[in-house]
Colleague: 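Starting off with a structure, shown below.
Counting convention: from 1, in listed order, for ligands and their atoms alike.
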Amino acid sequence: MRATVMYSAGDVRIENVPDPKIVESTDAVIRVTRACVCGSDLWPYQKMERSDTGRVMGHEAIGVVEDVGADVRTVRRGDFVIMPFAFSDGTCAFCHDGLQTSCIHGGFFGTTDVAGAQAEAVRIPLADGTLFPVRANTDDALIASLLTLSDVMGTGHHATVIARVTPGKSVAVVGDGAVGLCAVIAAKRLGAEQIIILGRHADRIALAKDFGATDVVSERGEAAVERVRELTGGYGVHSVLECVGLEQAMNTAITIARPGGAVGRVGVPQEQTIPGSEPAFYNNVTVGGGPAPVRAYIEELLPDVLEGKIEPGRVFDRTVGLDGVPDGYRAMNDRKAIKVMVAP
Ligand SMILES: [Zn+2]
C-alpha cells in the first residue's frame, strides 16, 4: 500500500510500504477513509533528524474495519470507526479514569514504533479500547466533522475541561490553528459568555467569529496582554486555552488569566520549562493540560456532530490525495492552509 513517510525535516515522501496486517490477536486493520495533517506534524516537519527508515506519519483518521484479530470483541469487519490519535486498552486504571492517553499499554500513532494513518490502511493495536464505531447514519457532509473527533475537536474540548470553562465565563484562546478554532467551538458549546481569540490570520479569525468568538486580539506579547485586560475590565479571563506550545504563547496565556483562573494547555510544548512561574504563583493561576484523551470525549461530542449543532469539520480548507500530502505539509507550514484533509 501507499503511505506517507517522513525521513527528516521537510522530507516527506509517498512510498510503497508493506500492507498492515494483524500482529496481535487484539489488533484490527482499518482502510483509511480520511486522514489529515496535524499542526503537531509540523514540529517534526521543521525539526526531525534524518532517519534511514523514516516514520509513517498521521495520527488522525476515520475508516472502515477490514480485519480483526481473534480476541477483538466490540468492533467488527465493515464497521465505520473513528481512530483517536492514541491507542489504549480501555481497561487499565487510567482508561477507567477517562485518561486514555496515559493508558499503561497504550501509545501514539505515527511514531517510529507504530505506523501512522496518512496511508491507505493502518494497523490498530488494542482495537476494542481504541476504536469508536459509529453505527448511526453518517451523511457524507458529516465526514469532515467526524474526522476532527480523532484529535482537534477533542483536543480543543480538553483545553476547556482543564481550564474549567462553564456558562457565563470569559475565555481566551491562544492560537488560531485548527485546535484553537475547535477550542472556540468547545468554549461556546459549554456556554462561555466572552470568547477572545488571539490570532492574526484573516481567514482563521473569520472562522473563529463564525464559531462564536466575541473579540479578536491580533497583537502579540505585552500588547496582547494589555488588550485582553482592556476587554475584561482590567482583570483577565477566567479560562485560557493554550493551543500553540511555544514559550511566548504560554507566557501570554499565563499572564492573561485572571487571579484564580486556569490555563488548559494542549499545544505540544517545544521547551523543557513552563514560563510565567511568578505570575502563575502570585495570581493563583492553575496550569494544567496535556495530550487530550479524545477517546473519552467522542461519546460527549459525537451527538452534537451528528445533529449538526457543531461543525468542526469547517477547519479543513484543503483536501488532497496521498500524492498531494507533501504539498499539504508545505501549505500548512507556510500558513497557506489551516488544515489539510487526506483522501487516500
Ligand atoms: Zn488503558
Colleague: Go through it in stages, so that I can follow the logic: the residues are Arg227 and Asp215, the test is salt bridge (charged side-chain N to carboxylate O under 4.0 Å, His left out), and I'd like the CA-CA distance, side-chain angles, deciding distance and then a yes or no.
Modeller: CA-CA 10 Å; Arg227 188 80 192 100; Asp215 300 278; over 6 Å; no
Colleague: Is the Lys NZ or Arg CZ of Arg55 less than 6.0 Å from the centre of Tyr7's six-membered ring, within 45° of the axis?
Modeller: no
Colleague: Sequence neighbours excluded, which residues qualify as side-chain contact (heavy atoms from CB on, under 4.5 Å) partners of His105?
Modeller: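 With sequence neighbours excluded, His105 shows a side-chain contact (heavy atoms from CB on, under 4.5 Å) to Asp89, Cys103, Leu126, given in chain and number order.
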Colleague: Regarding Lys21 and Asp27, does a basic nitrogen lie under 4.0 Å from an acidic carboxylate oxygen?
Modeller: no
Colleague: When you check the gap from the basic side-chain N to the acidic O, do Asp128 and Arg73 get nearer than 4.0 Å?
Modeller: no
Colleague: Between the side chains of Ser8 and Arg50, does any donor sit under 3.5 Å from an acceptor?
Modeller: yes
Colleague: Could you give me a count of protein N/O/S atoms that are under 2.8 Å from the Zn ion (ligand 1)?
Modeller: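 Counting protein N, O and S atoms closer than 2.8 Å to the Zn ion (ligand 1) gives 4.
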